[in-house]
**Student:** 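Please read through the structure below; I'll follow up with questions.
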Number of protein chains: 2
Amino acid sequence: MEKQTIAYSEKQNAIIHSAEKLFSQTGFDGTSVRDIAQEAGVNVAMISYYFGSKDKLMEAVFEQKTTQMRLKIENLLLNNQITHLEKVNILIDDYVDKFVDQQEFHKIMMREQILEQNTPVAALILELKKRNLQSIKKLIQDGQKSGEFKKHIDIMLMMSTLVGTVSQVVISKRFYCEMNHLGDLTEPEYQKYIRKKLSAHLKNLFKITLTNDI
Amino acid sequence: MEKQTIAYSEKQNAIIHSAEKLFSQTGFDGTSVRDIAQEAGVNVAMISYYFGSKDKLMEAVFEQKTTQMRLKIENLLLNNQITHLEKVNILIDDYVDKFVDQQEFHKIMMREQILEQNTPVAALILELKKRNLQSIKKLIQDGQKSGEFKKHIDIMLMMSTLVGTVSQVVISKRFYCEMNHLGDLTEPEYQKYIRKKLSAHLKNLFKITLTNDI
DNA sequence: TAAAATTAAACAAACGTTTGATTAATTTTT
DNA sequence: AAAAATTAATCAAACGTTTGTTTAATTTTA
């Protein structure tokens, strides 16, 4: 029984979108419902009217985003035309793209993870991470059975390196630009740049960690 | 002209310590000055009296912590008895220890980095990161000159992997325990466990990335 | 006794939410 | 088809709390 995606009206989408933007920029507690209403161009009351509360609005943001957020691993696992390392590489690119494209939402997610709370949102994050980890575990184990990958691999640690490296680079944009003298890059230019860098860096890390090749 | 550390009274230290704890647990905006005062066992007015404002209290937390936070790299660079890779390994352990020991403060730092603001606190973080990166750059370059390290190394990316992996593991404690069936570990036991895991994992990553050895 | 520390009380401002009224569109009844 | 009833959307205003900060009085310290 799949949970069906709720169809929102234009105004509801405007509210969700504005909330995502402002939660990302100033945090949940740092953003007032009046800020959100103004950004979305609606009356304050509409937030309670449509979503019930500020907390429920946050949940709505998560419900909508997490459904788009799942890695495209299920189909990938069935493909027999490519090696397991190539599958890993595709996953890396997929993850980097998702994080860079949806970085506003990912910043919200990161902050929520740091707060160790038992909110519905925290449960959603945990569920998403579990699902992704299980799929990747399967992929790695297949690679091990075929002899393509090493035997002893700590998948949790490798995932932490993947997720951690990407988030670190994305949230350190200012620092990264200043240190590498990239000051004049526009946002899309910077995104293109780090996407490439991150992809190559992580593929290399995974290759030398997973495989027996030099 | 070194900025001298301010000597705080017992009550002032209690306030700073409580603020650090609560900011870490519920965020800056999610923590009220009354919460802090109660946790510290002082009157609300004492916060304004001693620190001027809630923002200034946050700065005081940072001022105090960031001075303890610098990597012990300066002395390390002068040591000629050990290889450059051994120096890198010491740095990794130092960083892992600092992050795990001071994880409350590190969580505050992470959240502040995600908010892209131009606060005094953001400036302090940037300064700290710059200083650490410069020292590590020096260490890597020395290793390259001696032929111990490869020629083309993206130090920013490697640092992002170090910082990112550690933070990811620390903030994902619940997820990590559940996935690895470590539910019954006490906090110190868990810390000991991930400290060891992280250290070995990162040393391995750095070795195969930096050196020409297999 | 002068200075510093501490307190309860008060402050305006901002917070999330609710209210009652109004509009416009839709449905039901005549 | 006209009239009446119902519904959903929208709004300004107000609600009761909580926010960070200040005041003025009191106690403690030196």
Side-chain angles (χ1 to χ4, degrees), chain A residues 4-64 108 111-112 115 117-122, chain B residues 6-64 108 111-112 115 117-122:
Chain A
Q4 72 181 47
T5 315
I6 307 138
Y8 290 118
S9 71
E10 250 184 69
K11 291 223 167 173
Q12 284 170 309
N13 276 321
I15 293 173
I16 289 185
H17 188 257
S18 302
E20 185 194 354
K21 179 182 170 188
L22 294 179
F23 287 160
S24 163
Q25 286 174 356
T26 44
F28 179 79
D29 291 313
T31 306
S32 74
V33 288
R34 286 173 179 82
D35 294 335
I36 300 169
Q38 190 176 37
E39 173 83 24
V42 303
N43 189 279
V44 216
M46 301 311 290
I47 291 173
S48 296
Y49 179 73
Y50 278 132
F51 299 96
S53 67
K54 188 187 177 186
D55 286 275
K56 294 269 182 57
L57 171 57
M58 175 70 131
E59 289 177 42
V61 172
F62 266 78
E63 293 281 4
Q64 206 202 41
I108 303 177
R111 244 193 312 258
E112 285 299 311
L115 307 172
Q117 293 174 130
N118 277 328
T119 58
V121 160
Chain B
I6 306 139
Y8 290 119
S9 73
E10 250 184 67
K11 290 222 168 172
Q12 285 170 310
N13 275 321
I15 293 172
I16 290 185
H17 188 257
S18 303
E20 185 193 354
K21 178 182 171 187
L22 294 178
F23 287 160
S24 163
Q25 285 174 357
T26 45
F28 180 79
D29 291 313
T31 306
S32 75
V33 289
R34 284 173 180 82
D35 295 335
I36 300 169
Q38 189 175 38
E39 172 84 23
V42 302
N43 190 281
V44 218
M46 301 309 290
I47 291 174
S48 295
Y49 179 73
Y50 278 133
F51 299 97
S53 69
K54 189 188 176 187
D55 286 274
K56 294 269 181 60
L57 171 58
M58 175 69 131
E59 290 176 42
V61 172
F62 266 78
E63 292 281 4
Q64 206 202 40
I108 303 177
R111 243 193 314 258
E112 284 299 311
L115 307 171
Q117 293 174 115
N118 277 327
T119 58
V121 160

**Student:** Taking the nucleotide of DNA chain C with the closest heavy atom to each, which residue, A:Asp35 or A:Gly52, is nearer the 5' end?
**Tutor:**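 Closer to the 5' end of DNA chain C: A:Asp35.
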
**Student:** On the nucleotide D:dG20, are OP1 or OP2 found under 4.0 Å from the side-chain N or O atoms that B:Ser53 carries?
**Tutor:**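 So the side-chain polar atoms of B:Ser53 never come under 4.0 Å of the phosphate oxygens OP1 or OP2 of D:dG20.
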
**Student:** If the cut-off is 4.0 Å, is A:Lys54 near the phosphate of C:dC15, judged by side-chain N/O to OP1 or OP2?
**Tutor:** no

**Student:** Is it the case that the side chain of A:Thr31 and the backbone of A:Gly27 share a donor-acceptor pair, with hydrogens and angles ignored and the cut-off at 3.5 Å?
**Tutor:** yes

**Student:** Quick one: bend of the helix from C:dT1-D:dA30 to C:dT30-D:dA1 from 5 pairs per end, to 10°?
**Tutor:**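 Comparing the first five pairs with the last five, the axes sit 20° apart.
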
**Student:** So B:Phe51 and B:Glu59, do their side chains get closer than 4.5 Å, heavy atoms only?
**Tutor:** no

**Student:** Starting at NZ of B:Lys11, measure out to CG of B:Asn43 and round the result to the nearest 0.5 Å.
**Tutor:**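 If I round to the nearest 0.5 Å, the distance is 9.0 Å.
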
**Student:** May I ask you to say what B:Tyr50 touches in the nucleic acid, namely base, sugar-phosphate or nothing, with a heavy-atom cut-off under 4.0 Å?
**Tutor:** sugar-phosphate

**Student:** Between atom CE in A:Met46 and atom C1' in D:dC11, what is the gap in whole Å?
**Tutor:**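 Distance, rounded to whole Å: 9 Å.
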
**Student:** Reckon A:Tyr49 has a side-chain N or O less than 4.0 Å from the OP1 or OP2 of D:dA9?
**Tutor:** yes

**Student:** Could you work out, with ring pair (Phe, Tyr, Trp, His ring centres under 6.0 Å) as the rule, every residue matching A:Phe28, not counting sequence neighbours?
**Tutor:** A:Phe23

**Student:** Atom CD1 of B:Ile15 to atom P of D:dG20: distance rounded to whole Å?
**Tutor:** 14 Å

**Student:** Look at A:Asn43 and D:dA9 and indicate whether a side-chain polar atom (N or O) is within less than 4.0 Å of OP1 or OP2.
**Tutor:**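 Looking at the OP1 and OP2 atoms of D:dA9, neither is under 4.0 Å from any side-chain N or O of A:Asn43.
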
**Student:** Whole angstrom is fine here: how far is it from NZ in A:Lys56 over to C1' in C:dT17?
**Tutor:** 13 Å

**Student:** When you measure from the side chain of B:Ala45, which nucleotide among D:dT22, D:dG20, C:dT18 comes out closest?
**Tutor:** D:dT22

**Student:** Could you tell me the separation between the CD atom of B:Glu10 and the P atom of D:dT28, rounded to a whole number of Å?
**Tutor:** 18 Å

**Student:** Could you go through B:Gln117 and A:Gln25, starting from their C-alpha distance and side-chain angles, then the distance that decides it, and tell me whether this counts as side-chain contact (heavy atoms from CB on, under 4.5 Å)?
**Tutor:** CA-CA 9 Å; B:Gln117 293 174 115; A:Gln25 286 174 356; over 6 Å; no

**Student:** Mind checking side chain to side chain contact (heavy atoms under 4.5 Å, CB included) for A:Ser32 and listing every partner two or more places apart, or none if nothing turns up?
**Tutor:** A:Arg34, A:Asp35

**Student:** Does any part of the side chain of B:Ile108, heavy atoms only, come nearer than 4.5 Å to the side chain of B:Met58, both counted from C-beta?
**Tutor:** yes

**Student:** Taking CG from A:Asp29 and C1' from D:dT17, how many angstroms apart are they, rounded to a whole number?
**Tutor:** 15 Å

**Student:** Out of D:dA9, D:dT21, C:dT17, which nucleotide sits closest to the side chain of B:Val44?
**Tutor:**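 When the side chain of B:Val44 is considered, D:dT21 is the closest of D:dA9, D:dT21, C:dT17.
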
**Student:** Looking at side-chain heavy atoms only, is the closest gap between B:Gln64 and B:Glu20 below 4.5 Å?
**Tutor:**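 The answer is no; the side chains never approach within 4.5 Å.
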
**Student:** Using a cut-off of 4.0 Å on non-hydrogen atoms, how would the nucleic acid contact of B:Ser32 be classed: base, sugar-phosphate, or nothing?
**Tutor:** sugar-phosphate

**Student:** Without decimals, in angstroms, what is the distance between A:Gln38 CD and D:dT10 C1'?
**Tutor:**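 After rounding, the gap between these two atoms is 17 Å.
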
**Student:** Over how many whole Å does the gap from A:Arg34 atom CZ to C:dT18 atom P extend?
**Tutor:** 13 Å

**Student:** Taking atom P of C:dT17 as reference, at what distance in whole Å does atom CD1 of A:Ile47 sit?
**Tutor:** 9 Å

**Student:** Answer with base, sugar-phosphate or nothing: what part of the nucleic acid does A:Thr31 contact at a heavy-atom distance below 4.0 Å?
**Tutor:** sugar-phosphate

**Student:** In terms of side-chain heavy atoms of B:Ser48, which of C:dT17, D:dG20, D:dT22 is nearest?
**Tutor:**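 From the listed options, D:dT22 comes nearest.
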
